[in-house]
Amino acid sequence: MHPFQTYCREELGRMKAEGRYRSFAALNKSRGEFPRYTDAQGRRITVWSSNDYLGLGGSDELAEAAIAAVRAHGVGSGGTRNISGNTPVHEALERELASLHGKPAALVFTSGYVANQAALGTILASMGGNWHVFSDAKNHNSMIAGMKNARAKTVFRHNDPAHLDALLAAAEPGVNKLVAFESVYSMDGDIAPLAELADICRKHGALSYLDEVHAVGMYGTTGAGVAERDGVADRIDIIQGTLAKAFGCHGGYVAAGAEVIDYLRSAAAGFIFTTSLPPALAAAGLASVRHVRQATGLRARHAERAARLKDAFRAVGVEPMPSASHIVPVLVGDAALCREVSRLLLEEHGLYVTAINYPTVPRGTERLRFTPTPRHGDAEITEAAQALAAVLRQVGLLRSADAA
Ligand code: PMP
């Protein structure tokens, strides 16, 4: 036996003992029923942990667009974008995304993860690697992966423009600076002060790189994200997003100036050396972006559902973690307990809410993360709040007196 096999066995044991071992929920998703799934016994489960934030993944519009594209172009794209994997649909999607963000151009990658890793990695390797990157302390793993080989990297305090300002001021003269941050942070639901961050980047001549993965589709008049909502999109150099969350589809992208995008197209290994997004996904993505740009009612309903869920929790004595967005986290503060609360919600109440544990969040801040969608009704919200309060009481995290 190779020592690696022994290592795997031992490491798996340690993961299980420490609660880091991952298992999948055996849930079946059926189109049109969202957010209701069924479990292995055919029991109906209400899902509260989907990143299909607007519930569009199962819509007729997206399904029809994907089916039509399969009929027209086949299933696989057949190659990289440069080698027979390009279609007019990919190009139309990129024009649509550029227009959404008010940028001259956009480039589609096979996922949001790949977009971050490839774009950041390529930028930071350019210009002889003469870059110093400044990264928000809570940036997503995909951005961290893209910054891994940066010659110089400094982490600034989460959502702290003054700290960033001081660090940029102290940077070595003559080095190129890039600042990477998100708008909506997916585990806390807080929102970055984009205008201040953008101004500081400008002041120090730093390139700004913004991940709007948890905001696109949901914020701003046309769903272009928090940069649109705050009127700062033109002051952010590179905006990255995904089609896999609010757009209900799949794929990632960056939108920026024409030359930056053209350079990434010809230099980013994570774009060049992989088969392009299947045409059906590009077509469904295009249909979704077009739909979502004018779906102001859906956006308003989504925000209203999130506010209502937070109120419903408070009404049963559960204070959610502070969140300025549609993400509603509830602190448990212990990995085993968090898994237990999640298990009880699923098994005894038919609610699927994933436990978010270390390393996704720091130890001691383990939490449940609720993501309401426009398709969660009033009764489901009340049911979720009551079930959560009951389970928290059952495990000793909520006293009866806490309940209103
Ligand atoms: N950025 C952030 C902030 C994310 O949370 C994620 C994934 N959840 C990604 C990028 C990657 O996006 P995708 O799922 O499209 O790969």
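Worth saying up front: this structure is predicted, and the values here are computed from it rather than measured.
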Q: Mind running side-chain contact (heavy atoms from CB on, under 4.5 Å) on I123 and L264 for me, showing each step along the way?
A: CA-CA 8 Å; I123 295 166; L264 292 175; 4.2 Å; yes
Q: Return each pair, listed once, that meets salt bridge (Lys or Arg N to Asp or Glu O under 4.0 Å) where at least one residue sits in residues 64-73; pairs must be two or more places apart or across chains.
A: none
Q. What residues form a side-chain contact (heavy atoms from CB on, under 4.5 Å) with A215, not counting sequence neighbours?
A. S183, V184, E212, Y219, V226
Q: Only pairs at least two apart or in different chains count here, so list each salt bridge (Lys or Arg N to Asp or Glu O under 4.0 Å) that has a residue in residues 77-99.
A: R81-E94, E96-R290, E96-R293
Q. Do the non-hydrogen side-chain atoms of I200 and V179 ever get within less than 4.5 Å of each other?
A. no
Q: Spell out, as yes or no, whether a donor-acceptor pair under 3.5 Å connects the side chain of R299 to the backbone of M218.
A: no
Q | Step-by-step side-chain contact (heavy atoms from CB on, under 4.5 Å) determination, L298 to L56 | A | CA-CA 10 Å; L298 191 64; L56 290 173; 4.0 Å; yes
Q: For the pair K245 (side chain) and S50 (backbone), establish whether a donor and an acceptor sit closer than 3.5 Å, ignoring hydrogens and angles.
A: no
Q.
Does any part of the side chain of H132, heavy atoms only, come nearer than 4.5 Å to the side chain of K153, both counted from C-beta?
A. no
(Q) With rounding to the nearest 0.5 angstrom, report the OH to NZ distance, Y21 to K16. (A) 4.5 Å
Q.
Given 3.5 Å as the limit, does a donor-acceptor pair link the side chain of T38 with the main chain of R43, or not?
A. no
Q) For Y209 and F181, what are the C-alpha separation, side-chain angles and deciding distance, and is it a ring-ring contact (aromatic ring centres under 6.0 Å, His included)? A) CA-CA 6 Å; Y209 185 102; F181 47 98; 8.7 Å; no
**Q.** Among I239, D234, I238, the one residue meeting side-chain contact (heavy atoms from CB on, under 4.5 Å) with I236
**A.** I239
**Q.** side-chain contact (heavy atoms from CB on, under 4.5 Å) involving H163 - partner list, sequence neighbours excluded
**A.** F156, R157, D160, L167
(Q) Please evaluate residues Y185 and E182 with respect to the criterion side-chain contact (heavy atoms from CB on, under 4.5 Å), reporting the C-alpha separation (whole Å), side-chain torsions for both, the decisive distance (0.1 Å), and the verdict. (A) CA-CA 6 Å; Y185 283 85; E182 302 179 24; 3.5 Å; yes
Q. Do L392 and V318 have side chains that get closer than 4.5 Å, going by heavy atoms?
A. yes
Q: Show your working on side-chain contact (heavy atoms from CB on, under 4.5 Å) between L178 and L120 and close with a plain yes or no.
A: CA-CA 9 Å; L178 183 147; L120 283 168; 3.8 Å; yes
(Q) Using a strict threshold of under 4.0 Å (side-chain N to carboxylate O), is an ion pair present between R305 and D378? (A) yes
Q | Y352 side chain to D39 side chain, donor-acceptor N/O pair below 3.5 angstrom | A | no
(Q) Quick one: does any side-chain atom of H2 pair with a main-chain N or O of F4 as donor and acceptor, under 3.5 Å? (A) yes
(Q) Distance to the ring centre below 6.0 angstrom and angle to the axis at most 45 degrees; does that hold for K29 and Y37? (A) no
Q | F109 side, atom CZ; Q240 side, atom CD - distance, nearest 0.5 Å | A | 9.0 Å
(Q) Restricting to side chain to side chain donor-acceptor pair (under 3.5 Å), what partner residues turn up for S135, sequence neighbours left out? (A) N139
(Q) Can you see whether T373 engages H302 through a side-chain donor-acceptor pair at a distance of less than 3.5 angstrom? (A) no
Q. Okay, side chain of K138, backbone of V361: is any donor-acceptor separation there less than 3.5 Å?
A. no
Q | Residues that S266 engages under side-chain contact (heavy atoms from CB on, under 4.5 Å), provided they are two or more places apart | A | none
Q.
Does any part of the side chain of L345, heavy atoms only, come nearer than 4.5 Å to the side chain of S342, both counted from C-beta?
A. no
**Q.** Check: Y53 ring centre within less than 6.0 Å of H326 ring centre
**A.** yes
(Q) Atom CD1 of residue position I83 - does it have more than 12 heavy atoms of other residues, nucleotides or ligands inside 6.0 Å? (A) no
Q | Results of side-chain contact (heavy atoms from CB on, under 4.5 Å) for E380 - residues two or more places apart only | A | R36, T46, W48, H376, E383
Q) Between H214 and N51, do the side chains contain an N or O donor and an N or O acceptor separated by less than 3.5 Å? A) no
Q) Considering only heavy atoms from C-beta outward, does the side chain of E348 approach that of R343 to under 4.5 Å? A) no
(Q) Quick check: do T371 and V328 have side-chain heavy atoms less than 4.5 Å from each other? (A) no
**Q.** Side chains of V330 and F313 in contact at under 4.5 Å (non-hydrogen atoms)
**A.** yes
(Q) Among residues at least two apart in sequence or on other chains, which ones pass side chain to side chain donor-acceptor pair (under 3.5 Å) with R265? (A) D262
Q. Do we see a donor-acceptor contact under 3.5 Å between the side chains of S288 and H291?
A. no
Q.
To the closest 0.5 Å, what do you measure between NZ (K177) and OG (S208)?
A. 13.5 Å
Q. Rounded to the nearest 0.5 Å, what separation is found between the OG1 atom of T360 and the CG atom of N141?
A. 9.0 Å
Q | Trace of the side chain to side chain donor-acceptor pair (under 3.5 Å) decision for E228 with T222 | A | CA-CA 8 Å; E228 180 187 39; T222 68; 2.7 Å; yes
Q: Working to the nearest 0.5 Å, report the span between OG1 of T87 and CG of L93.
A: 9.0 Å
(Q) With a 4.5 Å cut-off on side-chain heavy atoms, are L388 and F370 touching? (A) yes
**Q.** Least distance between heavy atoms, S84 atom then G78 atom
**A.** OG-O, 3.3 Å
Q | Donor-acceptor contact below 3.5 Å, side chain T122 vs main chain A118 | A | yes
Q: Before accepting this row, confirm whether a basic side-chain N of the pair R202/D199 lies closer than 4.0 Å to the acidic partner's carboxylate O.
A: no
Q.
Nearest 0.5 Å, please: how far is CG in L197 from CZ in F134?
A. 13.5 Å
Show me, pair by pair, the donor-acceptor contacts under 3.5 angstrom made by side chains of residues 269-284, not counting sequence neighbours?
from : atom 1 : to  : atom 2 : distance (Å)
S276 : OG     : S77 : OG     : 2.9
S276 : OG     : G79 : O      : 3.4
S276 : OG     : G85 : O      : 2.6

Q.
Under a plain distance cut-off of 3.5 Å, with no hydrogens placed, do N116 and D211 share a side-chain donor-acceptor pair?
A. yes
Q: Not counting sequence neighbours, list each pair that qualifies as a salt bridge (Lys or Arg N to Asp or Glu O under 4.0 Å) and has a residue in residues 349-374.
A: D188-R367
Q) Got a sec, which residues hit side chain to side chain donor-acceptor pair (under 3.5 Å) with Q394, two or more places apart in sequence or on another chain? A) none
Q: Please confirm whether the backbone N or O of P374 pairs with a side-chain atom of R301, one donor and one acceptor, at under 3.5 Å?
A: yes
Do any side-chain atoms of residues 249-261 form donor-acceptor pairs under 3.5 angstrom with protein atoms, and if so which ones, sequence neighbours left out?
from : atom 1 : to   : atom 2 : distance (Å)
H250 : NE2    : T110 : O      : 3.2
Y253 : OH     : H101 : NE2    : 2.8

Q) Between the main-chain N or O of S142 and the side-chain N or O of H140, is there a donor-acceptor pair closer than 3.5 Å? A) yes
